[in-house]
Amino acid sequence: MIKQKDVDYLRVKPGKKIDLKDFNTEWDKLKKFEAYGSDTLKEKVNLLLQQNLTDLTKAQQLLYADDRYSLLIVFQAMDAAGKDGTIKHVMSGVNPQGCQVYSFKKPSLEDVEHNFLWRYAKCLPERGHIGIFNRSYYEDVLAVKVHPELLRNLPEGKRNKAFWQNRYEDINAFEQHLYRNGTVILKFFLNLSKHEQKKRFLDRIDKPEKNWKFSAADLTERACWQDYMSAYEDAINATCTEWAPWFIVPADNKWVTRALVAETITSTLKSLDLNFPKLGKDQADLLVKAREALAKE
Ligand code: ATP
Ligand code: MG
């Protein structure tokens with residue numbers, strides 16, 4: 001199994017400034033996988049994933065029964081980094097009744113008539129549940145920072161460094177509020193290389209069954225790659241806190257991404273003091289009586 005210390009390697013330390021150039025997007029640059037050859041990688045990593053999915057199923061059941069915490073999982077990445085596939089695989093073993101996935105696209109007119117956190121606040125997971133945000137309020141300091149013309153209907157003022165700093169502070173305060181109320185937050189940046197994105201786009205263009213996944217906007221956003229990388233760096237540096245950590249996950253190999261994300265989620269849930277609710281005396285008596293009644297039938 002990937003040990004806790006291995007996922008700690010992905011965790012950004014609060015207060016430590018990161019530079020995305022220092023982070024590998026490739027699996028074979030990761031120490032923990034160096035013993036695997038590329039031939040056996042998929043098979044071995046798949047085994048790790050399966051083990052974690054089994055543990056995750058049990059941990060989710062306990063989260064639901066315990067009913068004190070909720071888990072919010074945020075996925076952010078460039079296009080084709082594998083958010084959808086990761087969500088599909090990692091959540092394949094969980095009970096759909098205890099899990100909700102929200103994919104956030106461009107905001108609606110109603111959304112922009114409200115503060116920028118409004119539409120996300122409506123989708124937060126209730127206690128006992130896992131909520132997944134496929135894109136999130138971070139778009140409001142990523143896509144919107146790269147394309148400031150998207151800012152509409154706001155009071156006058158400069159859209160300068162202080163403006164974005166205020167948004168980071170709003171996000172930190174929002175996440176701290178959630179944390180203090182029992183929401184555990186995990187934020188994943190799937191770190192894809194520009195080179196691998198090109199390969200995946202070409203694959204989507206070349207394979208008819210994948211054509212639907214490609215959109216013209218994919219190339220316009222790719223053209224802003226460097227701006228996005230700076231926006232990601234600034235956002236991660238400003239919002240990596242003890243109460244809402246960021247994990248930077250290598251994304252050039254889909255199997256490795258899925259295994260590392262599954263391990264992080266599973267080990268986080270296991271680290272919570274989750275318990276099945278203890279029966280009160282009244283309820284214990286009720287069970288004894290019910291058993292007697294059923295035995296008499
Ligand atoms: P896929 O491409 O796999 O369908 P996706 O998440 O990329 O998934 P798209 O419809 O392609 O979905 O893109 C959604 C777009 O909406 C992204 O370019 C994203 O930056 C943009 N977006 C999301 N939230 C906001 C926001 N709050 N403000 C502005 N743009 C946003
Ligand atoms: Mg897209």
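Every number for a ligand or one of its atoms is a count from 1 in the order of the listing.
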Contacting atoms of ligand 1, where contact means under 4.0 angstrom from a heavy atom of [X]:
X: Phe104; result: 23 (C)
X: Lys83; result: 6 (O)
X: Asp84; result: 3 (O)
X: Asp140; result: 27 (N)
X: Val144; result: 28 (N), 29 (C)
X: Leu150; result: 29 (C)

Say whether [X], considering both its backbone and side-chain N or O atoms, lies within less than 3.5 Å of an N or O atom on ligand 1.
X: Asp79; value: yes
X: Ser136; value: no
X: Tyr228; value: no

Does [X] have a heavy atom less than 4.0 Å from any atom of ligand 1?
X: Pro107; result: yes
X: Lys213; result: no
X: Phe75; result: no
X: His147; result: no

If we set the cut-off at 4.0 Å for heavy atoms, which region of [X] has an atom near ligand 1: side chain, backbone, both, or neither?
X: Tyr120; value: side chain
X: Arg119; value: side chain
X: Leu142; value: neither
X: Asp218; value: neither

Please list the nearest protein heavy atom to [atom] with its residue and the distance rounded to 0.1 Å.
atom: atom 21 (C) of ligand 1; answer: Lys106 CG, 4.0 Å
atom: atom 1 (P) of ligand 1; answer: Lys105 NZ, 4.3 Å
atom: atom 5 (P) of ligand 1; answer: Arg135 NE, 3.5 Å
atom: atom 20 (O) of ligand 1; answer: Glu139 OE1, 2.7 Å

Under a 4.0 Å N-O cut-off, is there an ion pair linking [X] with [Y]?
X: Arg152; Y: Asp111; value: no
X: Glu196; Y: Lys199; value: yes
X: Asp203; Y: Lys210; value: yes
X: Asp234; Y: Lys145; value: yes

query: Taking the six-membered ring of Phe116 as reference, does the NZ or CZ atom of Arg167 fall below 6.0 Å from its centre and within a 45° cone about the axis?
result: yes

query: Is the distance from the Mg ion (ligand 2) to some N, O or S atom of Asp79 under 2.8 Å?
result: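 It does: Asp79 brings an N, O or S atom closer than 2.8 Å to the Mg ion (ligand 2).
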
query: Would you call the rings of Trp118 and His114 parallel, tilted or perpendicular if under 30° counts as parallel and over 60° as perpendicular?
result: parallel

- prompt: Should Glu175 and Tyr137 be marked as a side chain to side chain donor-acceptor pair (under 3.5 Å) after you check the CA-CA gap, both sets of side-chain angles, and the distance that decides it?
  reply: CA-CA 11 Å; Glu175 291 180 337; Tyr137 40 89; 2.8 Å; yes

Do [X] and [Y] come close enough that some side-chain heavy atom pair is under 4.5 Å?
X: Arg135; Y: Lys83; result: yes
X: Leu192; Y: Asp252; result: yes
X: Gln51; Y: Glu263; result: no
X: Tyr168; Y: Val141; result: yes

query: Does the gap between the ring centers of Phe214 and Phe201 come in under 6.0 Å?
result: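 Phe214 vs Phe201: aromatic centres under 6.0 Å.
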
- request: Check whether more than 12 heavy atoms from other residues, nucleotides or ligands sit under 6.0 Å from atom CD of Gln61, and answer yes or no.
  value: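 Open: at most 12 neighbouring heavy atoms sit under 6.0 Å from CD of Gln61.
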
